[in-house]
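Working notes, beginning with the structure itself.
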Amino acid sequence: MIKDSVFAALELAEVRRAERRRFLKLAGAGTAVAGGLTLLSACGSSKDNSQTPAPNPTPSPTASSTGVATDVAILQLALNLEYLEAQFYSFAAFGQGLPTSSTTGSVGTAGGVTGGRQVQFSDPVIASYAREIAADEIAHVNFLRNVLTQAGSTLVIAQPAINIDGGATGAFTTAARAAGIVGANDTFDPYASDENFLLGAYLFEDVGVTAYKGASPLIGSAVYLEAAAGILAAEAYHAGLIRAELYRLGLLSPTTSKAISGANAISNYRDSLDGVGTTANPNLNELDEGITKTVNGAQVANIVPADANGIAYSRSSPQVHNIVYLNKAAVTAGGFFPAGTNNSLAALRTSGANG
């Protein structure tokens, strides 16, 4: 059964490789990336067009000695997140992590994976979803590695140290305790049940969507923007599916399930990390929503977290790091990345000062 699942994932990955080859062909001279964005813009969640130089029709093919092009740094940031998601889903679905050939790189300090094991799913539908998402995330890793290789053979980041352990010292337990899902002395194991797996996946998926959304205005290359938009769409499908399954489980077992209350607690916790509101405006900087909301006094589903215009939220690089480091302060490591993320730009390895 495990072999069949792995083979199925490899077949899905082959389909995605064909798309990757199409992209790299379109990139052509895509060994070059568009520069011109300032470091300040790269760290923020929006771009001031008045400060952005006109695009150069012939982008510089290599990074200068003082720094790499912003586009490359954004792709490197994305690859950190994809390493994390791919390892979590690969272990959960198949009981094994990524091969070494998919984790080596020239930028940053290489690290291993702490924790991770196969989930013994009770629901075959959720198991099928896990295998499909795992195949997508593995494909995202290989895709971004290939794009960065095209930009320059020394621009691929190594996988940093990753903590996806479900034990007492694991990052999942740290997050679950802080969110109030488990007690201060209890552990949270995302591999212990279908529901726990979905809550673990939920912690990552919305962050990925908001990260790609926040980075999209900062990407100067139209070709790279198309690639990022494609990954954003895939991550949004994943996030919506995870949210819907958690809501379904919560409705099926309202007295025993933590699916809804746990997901809502995670959303509140993420918001407490990436920037909180004020007494006058408690929703200021709210970039997250739970899987339920109250309409006319009744609790209803909230599968799509979006603002008043129905548009997904954005997070800047520091805000993304606040969540994956599980820290509201300005730090360079912690949580799921115990030694920090890898990036050619130091500013894209640091979390924001939110408390």
Side-chain angles (χ1 to χ4, degrees), residues 74-94 96-100 102-105 107-117 119 130 133-145 148 156-166 169-176 188-191 197-212 214-215 228 231-232 234-235 238-239 242 266 269-270 273-274 315 317-327 331-343 348-351:
I74 291 173
L75 295 181
Q76 290 173 334
L77 169 61
L79 183 52
N80 282 284
L81 301 179
E82 297 297 345
Y83 279 139
L84 174 61
E85 289 187 307
Q87 292 287 18
F88 169 67
Y89 282 112
S90 184
F91 271 107
F94 308 124
Q96 60 188 39
L98 302 181
T100 302
S102 294
T103 62
T104 57
V107 178
T109 302
V113 177
T114 301
R117 73 175 192 276
V119 178
I133 296 175
D136 288 341
E137 301 299 356
I138 293 168
H140 289 170
V141 166
N142 292 324
F143 174 74
L144 287 172
R145 287 174 57 85
L148 287 168
V156 179
I157 63 165
Q159 175 193 276
I162 289 175
N163 183 326
I164 51 171
D165 187 59
T169 60
F172 282 109
T173 292
T174 299
F188 178 81
D189 183 359
Y191 313 101
F197 162 76
L198 290 171
L199 286 170
Y202 175 74
L203 201 158
F204 295 145
E205 286 299 343
D206 284 353
V207 178
V209 172
T210 56
Y212 279 103
I231 297 179
L232 168 59
E235 297 293 351
H238 297 166
I242 297 299
I266 288 172
Y269 175 54
R270 287 187 303 217
L273 295 174
D274 62 22
R315 281 189 174 94
S317 172
Q319 290 172 321
V320 169
H321 280 90
N322 283 124
I323 296 174
V324 296
Y325 290 165
L326 303 180
N327 199 321
V331 296
T332 57
F336 294 99
F337 293 100
T341 57
N342 289 330
N343 201 292
L348 297 192
R349 301 195 297 267
T350 305
S351 59

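Applying the side-chain hydrogen bond (donor to acceptor under 3.5 Å, both in side chains) test between His321 and each of Thr350, Thr332, Thr341 identifies Thr341 as the sole match.
Rounded to the nearest 0.5 angstrom, Ile164 CD1 and Arg117 CZ are separated by 11.0 Å. The OH atom of Tyr212 sits 11.5 Å away from atom CD1 of Ile74, with the distance rounded to the nearest 0.5 Å. Here the CG atom belonging to Asn327 is positioned 5.5 Å from the OG atom belonging to Ser351, to the nearest 0.5 angstrom. Atoms CG and OG1, on Leu98 and Thr103 in that order, are 7.0 Å from each other to the nearest 0.5 Å. Ile162 CD1 to Phe91 CZ: the interatomic distance, rounded to the nearest 0.5 Å, is 10.0 Å. To the nearest 0.5 Å, atom CG of residue Leu84 and atom OH of residue Tyr89 are 10.0 Å apart.
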So Leu148 and Val107, side-chain contact (heavy atoms from CB on, under 4.5 Å) or not? Walk me through it. CA-CA 11 Å; Leu148 287 168; Val107 178; over 6 Å; no
Test side-chain contact (heavy atoms from CB on, under 4.5 Å) on Tyr269 and Leu326 and set out the steps. CA-CA 9 Å; Tyr269 175 54; Leu326 303 180; 3.7 Å; yes
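Looking at heavy atoms from C-beta onward, Thr173 lies in side-chain contact with Phe188 at the 4.5 angstrom threshold. Counting only heavy atoms from C-beta outward, the side chains of Glu235 and Glu82 approach each other to under 4.5 Å. Tyr83 places a side-chain heavy atom less than 4.5 Å from the side chain of Val141. In this structure, Gln87 and Gln159 have side chains that are in contact, with non-hydrogen atoms separated by less than 4.5 Å. In this structure the side chain of Tyr191 reaches within 4.5 angstrom of the side chain of Phe172, judged on heavy atoms. When side chains are defined from C-beta on, Ile157 does not count as touching Asn343, because their heavy atoms never get closer than 4.5 Å. Put simply, the side chain of Arg145 reaches to within 4.5 Å of the side chain of Leu79, judged on heavy atoms. Between Thr210 and Gln319 there is no side-chain heavy-atom pair separated by less than 4.5 Å.
Nearest heavy atoms, Ala333 versus Pro338: CB-O, 3.4 Å. Closest heavy-atom contact between Pro190 and Gly166: CD-CA, 3.8 Å. Nearest approach of Gly340 to Tyr325, heavy atoms of both residues: CA-OH, 3.5 Å. In plain terms, the two heavy atoms of Ala134 and Ser90 that are nearest each other are CB-N, 4.1 Å. The two residues Ser102 and Asn142 come nearest to each other via the heavy atoms OG-OD1, 2.9 Å. The shortest heavy-atom contact between Asp274 and Ile323 is OD2-CD1, 3.9 Å.
In this structure, Arg270 forms a cation-pi arrangement with Tyr202, its terminal cationic atom sitting closer than 6.0 Å to the ring centre and no more than 45° off the ring axis.
Using a 4.0 Å cut-off between charged nitrogen and carboxylate oxygen, Arg315 and Asp206 do not count as a salt-bridge pair.
Counting only N and O atoms by type, the side chains of Glu85 and His238 include no donor and acceptor under 3.5 Å apart. Checked by atom type, the side-chain pair Thr114/Asn163 shows no donor-acceptor distance below 3.5 Å.
For Phe204 and Phe336, the ring centers sit closer than 6.0 Å to each other.
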